[in-house]
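Remarks on the structure that follows.
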Amino acid sequence: MRIDVISDTVCPWCFIGKRRLEEALEMFAGHPAAQPVEVRWHPFQLNPAMPREGTDRAGYLAAKFGGPERAAQIYGRIRAAGAEAGIDIDPERAAVMPNTLDSHRLIHRMQLRDLAAADGGNRGDRVVEALFTAFFEQGRNIGDSAVLTEVGLAVDPEDTDLGAWLASDEDRDMMAEADAQARRIGVDGVPCFIIDGRWAVIGAQAPEQMMMALVRAATNPAGGGVADDGEGGMSDDEVDGDGCSPEDGCAVPPR
């Protein structure tokens, strides 16, 4: 089974969704329908027009959410959900709201190195975790090439060309096209989990809900809840949870 996760590295619900997915995978491993699962990460930019150097986060929040009071309401719920998942999320720690394209390039590079090494190093997942931690728990600018180089080398110290590669434009167009492809198939918010190219789970679902989706995908090989031809968009079988979108930010109303 393959899970394609479409996310952004500045999306708090994507960080929470990663934790919930990990819990779901642990539960799924004990189910009679369990099978090996490969997780692959794909880019989505909540702020595709963000300048490459990023922007002041306080000003960004005021423009995005209409002021600090509204932002505080939204982030209070995010902090609570993060705490439940064992994450010390504080979306206001970072002084800079970064352009995330280079962070997606780093994830892509680490996943390619996983494939080339075939050593079980899990670099892709580890660098995703490290990027979320750097931004949400440490307030670091994950659009800065020096920060990205440090994060990447902590995951893969043998990647000695990483700094020079990040300073280039290699794979930038590829990541932008992957983002555009996600939008073409109907993804308009993240996180989005696509299971075996057939079932879509939208948002940071509770682990139990996610596990049920994995079981459904494993036991219904002919079924599906997502168009996989790049044209049809999402179907009526999507499962919705908390997430972020370019239009609404992370202002998902409580259920």
Side-chain angles (χ1 to χ4, degrees), residues 1-9 11 14-44 85-87 100-138 140 142 145 147-166 170-171 174-175 178 182 190-201 204-205 207-208 210-219 221 228:
M1 178 182 290
R2 172 166 164 160
I3 303 175
D4 291 286
V5 186
I6 301 171
S7 71
D8 199 2
T9 49
C11 165
C14 295
F15 195 4
I16 294 165
K18 182 177 186 293
R19 280 288 187 277
R20 292 177 177 177
L21 172 62
E22 290 164 354
E23 290 185 47
L25 289 173
E26 289 184 8
M27 290 187 284
F28 181 60
H31 193 277
Q35 53 187 268
V37 177
E38 175 191 8
V39 178
R40 297 279 291 171
W41 295 86
H42 302 273
F44 188 93
I87 308 168
T100 60
L101 191 61
D102 283 341
S103 67
H104 289 299
R105 290 173 64 217
L106 177 59
I107 294 167
H108 172 67
R109 181 178 177 92
M110 290 298 164
Q111 290 186 139
L112 288 180
R113 289 178 67 82
D114 276 334
L115 291 173
D119 59 359
N122 208 22
R123 296 167 185 81
D125 187 81
R126 287 164 53 211
V127 85
V128 170
E129 181 76 17
L131 288 166
F132 281 143
T133 298
F135 185 69
F136 288 111
E137 297 189 336
Q138 301 168 356
R140 305 187 73 186
I142 59 170
S145 60
V147 172
L148 292 173
T149 300
E150 181 182 333
V151 168
L153 288 176
V155 170
D156 187 355
E158 295 182 3
D159 190 3
T160 55
D161 296 330
L162 177 59
W165 181 84
L166 283 167
E170 188 172 344
D171 291 341
M174 180 189 300
M175 292 297 96
V190 288
C192 174
F193 305 87
I194 301 177
I195 307 170
D196 277 347
R198 298 178 293 112
W199 299 95
V201 178
Q205 286 288 333
E208 296 80 7
M210 177 67 77
M211 196 274 285
M212 290 173 60
L214 296 173
V215 172
R216 181 170 62 175
T219 56
D228 60 359

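Positions are given from 1, in the same order as the sequence printed here. None of the values given here were measured: they were computed from a predicted structure.
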Quiz item: Salt-bridged, Asp171 to Arg109, with N to O below 4.0 Å?
Solution: no
Quiz item: Got a donor-acceptor contact below 3.5 angstrom from the Arg140 side chain to the Ala134 backbone?
Solution: no
Quiz item: Hey, are the side chains of Val201 and Leu214 touching, using non-hydrogen atoms and a 4.5 Å cut-off?
Solution: no
Quiz prompt | Leu25 to Val39 - nearest heavy-atom pair and separation | solution = CD1-CG2, 4.2 Å
Quiz item: Is the shortest side-chain N to carboxylate O distance from Glu22 to Lys18 below 4.0 Å?
Solution: yes
Exercise. Count the heavy atoms of every other residue, nucleotide or ligand shown that sit under 6.0 Å from CD of Glu38, and state whether that count exceeds 12.
Key: yes
Practice problem: Give a yes or no answer on whether the side chain of Arg105 reaches the backbone of Leu166 with a donor-acceptor pair at less than 3.5 Å. | Solution: yes
Quiz item: Of the non-hydrogen atoms in Ala178 and Pro43, which two are nearest, and what is the gap between them?
Solution: CB-CG, 3.6 Å
Quiz item: Would a distance-only check, ignoring hydrogens and angles, find a side-chain to backbone donor-acceptor pair under 3.5 Å from Asp196 to Arg198?
Solution: no
Quiz item: Should we count CE of Met212 as having more than 12 external heavy atoms under 6.0 Å?
Solution: no
Quiz prompt | Closest heavy-atom pair and its distance - His104, Met175 | solution = O-SD, 3.6 Å
Exercise. Evaluate the criterion side chain to side chain contact (heavy atoms under 4.5 Å, CB included) for residue pair Phe15 and Thr133; output intermediate values, then yes/no.
Key: CA-CA 9 Å; Phe15 195 4; Thr133 298; 4.0 Å; yes
Self-check item: Interatomic spacing from CZ in Arg123 to CG in Leu115 - rounded to 0.5 Å
Solution: 10.0 Å
Practice problem: First locate atom CD1 of Ile16, then atom CD1 of Ile87, and finally report the distance between them rounded to the nearest 0.5 Å. | Solution: 6.0 Å
Quiz item: Say you draw a straight line from NE2 of His108 to CZ of Arg40; how long is it, rounded to the nearest 0.5 Å?
Solution: 8.0 Å
Exercise. Measure the spacing between CG of Asp102 and CH2 of Trp165 and express it to the nearest 0.5 Å.
Key: 7.5 Å
Quiz item: Which atom pair, heavy atoms only, marks the closest approach of Leu131 to Ile107?
Solution: CD1-CG1, 3.7 Å
Practice problem: For Phe193 and Gly17, work out which heavy atoms get closest and say how close. | Solution: CZ-O, 3.9 Å
Practice problem: Quick one: closest heavy-atom pair of Leu153 and Leu162, and the distance? | Solution: N-CD2, 3.9 Å
Quiz item: Say you draw a straight line from CD of Glu170 to CG of Asp161; how long is it, rounded to the nearest 0.5 Å?
Solution: 10.0 Å
Quiz item: Parallel under 30°, tilted from 30 to 60°, perpendicular over 60°: which one fits the rings of Phe132 and Phe136?
Solution: tilted
Self-check item: Inter-residue atom distance Asp125.CG - Gln111.CD, 0.5 Å rounding
Solution: 9.0 Å
Quiz prompt | Side-chain ion pair, Glu129 and Arg19, N-O less than 4.0 Å | solution = yes
